[in-house]
Amino acid sequence: MPTASMTVNGKAVSGEVESRTLLVQFIRDKLGLTGTHVGCDTSQCGACVVHVNGKSVKSCTLLAVQAEGAKVTTIEGLANGGDLHPMQAAFRENHGLQCGFCTPGMVMSALDLVQQIPDPNEQQVREWLEGNICRCTGYQNIVKAIQAGAKAMRS
Amino acid sequence: MHNFDYHRPTSLADAAKRLSGEAKLVAGGMTLIPTLKQRLAQPSSLVDLGGIAELRGIKPEGGGLTIGAMTTHAEVAHSAEVKKTIPALAVLAEGIGDPQVRNRGTIGGSISNNDPAADYPAGLVALGATVITDKRRIAADDFFKGMFETALQDGEIVTAVSFPRPDKAAYMKFPNPASRYAMVGVFVARTGGGIRVAVTGAGPGVFRATEMEKALAGNFSADAIKSVKIPAAGLNSDMHGSAEYRAHLVNVMARRAVTACS
């Protein structure tokens, strides 16, 4: 059986996988990091977004073996102990979630946007969220949260 | 998903050697992995091109651009070189799927798959690009063969696409609001070799709107093609739109593209 070795949230991890094991299965089932969610399993909803080598990807559409040697960051890698990452805090403060299922993907996606556009306008945030589906909020407060999180990260 | 053997070669020669039997190449995997999940394909092994450094990158060449097969849509969309030389191509790449798909999906994967609603085929055909494989060079006009079919032979690997620089070019698409695939996309290019208009999403594969090209050769303006009708016969008809609707959209998108080029 192949082995997948990578760095997840700064920690070297390794495990036996089947070739067909998805990265999200590896993260959730092997590593027990269940913050990354599987919503649709068809690469559309974005609940499974993680960063691979600094870029946001859908971990349900990537094989674990394809992430061999990569640096992976999941939602669990953002907070510093009990202190939420500014983007997480902004989601809480702005009511950027209701049921919370899509939130890990939203936050990981938002952080990739902020890497590219540190001060995104509303239109840029909405366009960026093309690949993240939320069925509760109507997006209004998610957009607000991302803009507030981006602002907090700049200061 | 059925299981398979997985190989990640670091050279093109190694990759070619692995391509025997029911092996399949995987580039970004944005179409292939969902296809495997649905068990619509059952390859015995996957040969991942992701470890071959020479397949990545954007180089200026002969006034135009050569883009490595494993270059992602996001890299094309953000490339200063592409924005300078063929800005319409950067716009096309920025409109594919969503940001996460653009971070993984590649130009080589997209054209090898030749989805009838993919964006790149229109760009390659309109710009008169050349597909470079590990065996030969294929003009875009000869590369795309209809629905999910290309001129690629078994075991042939796309290594790059070479684009000449157009004088002006623009791509306009009407995206399906859910998938962002083109309901209809029209790429118009004014090049040294004349005016080329390529249409994706409307038919079973990319095609050139030759009547529009002729009309534009005499008068490069949106008005010149306003009355050029695209026959609905043979165009795609599905839950998203009828063939007649798509035929109409071709004209609308073409006029918008011409206006953007003028």
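- For B/Pro175, no part lies near chain A; criterion is any non-hydrogen pair under 4.5 Å.
- Both the backbone and the side chain of A/Ser109 come within less than 4.5 Å of a heavy atom in chain B.
- Of the atoms belonging to A/Leu63, heavy atoms from both backbone and side chain fall under 4.5 Å from chain B.
- Annotation: residues 65-80 of chain A contacts chain B through A/Val65, A/Gln66 [non-hydrogen atoms, separation under 4.5 Å].
- Looking at B/Arg18 and B/Asp5, no side-chain N of the basic residue comes within less than 4.0 Å of a carboxylate O on the acidic one, giving no salt bridge.
- For A/Leu62, the parts sitting under 4.5 Å from any heavy atom of chain B are the backbone and the side chain alike.
- A/Gln115 and A/Asp112 share a side-chain donor-acceptor pair at under 3.5 Å.
- Among the candidates A/Leu22, A/Leu113, A/Thr42, the residue making the largest number of heavy-atom pairs closer than 4.5 Å to chain B is A/Leu22.
- Heavy-atom distances place the side chain of B/Asp48, and not its backbone, under 4.5 Å from chain A.
- Residue A/Arg20 places its CZ atom among more than 12 non-hydrogen atoms of other residues, nucleotides or ligands, all under 6.0 Å distant.
- Contacts classified as salt bridge (charged side-chain N to carboxylate O under 4.0 Å, His left out) and involving residues 174-186 of chain B (residues at least two apart or in different chains) are given here: A/Glu130-B/Arg180.
- Ranked by heavy-atom pairs under 4.5 Å with chain A, the first of B/Arg104, B/Arg8, B/Met30 is B/Arg104.
- Counting heavy atoms from C-beta outward, B/Asp119 and B/His73 have side chains that stay 4.5 Å or more apart.
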Name the atoms and distances for all side-chain donor-acceptor pairs under 3.5 Å in residues 33-43 of chain B, with sequence neighbours left out.
unit_1, atom_1, unit_2, atom_2, d
B/Thr35, OG1, B/Thr31, O, 2.6
B/Lys37, NZ, A/Asp41, O, 2.9
B/Lys37, NZ, A/Asp41, OD1, 2.9
B/Lys37, NZ, A/Cys60, O, 2.7
B/Gln38, NE2, B/Pro34, O, 3.4
B/Gln42, NE2, B/His2, NE2, 3.3

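- Among residues 47-57 of chain A, the residues having any heavy atom closer than 4.5 Å to a heavy atom of chain B are, in sequence order, A/Val49, A/Lys55, A/Ser56, A/Val57.
- A/Phe91 has its side chain within reach of A/Ile142: a pair of non-hydrogen atoms, C-beta onward, lies under 4.5 Å apart.
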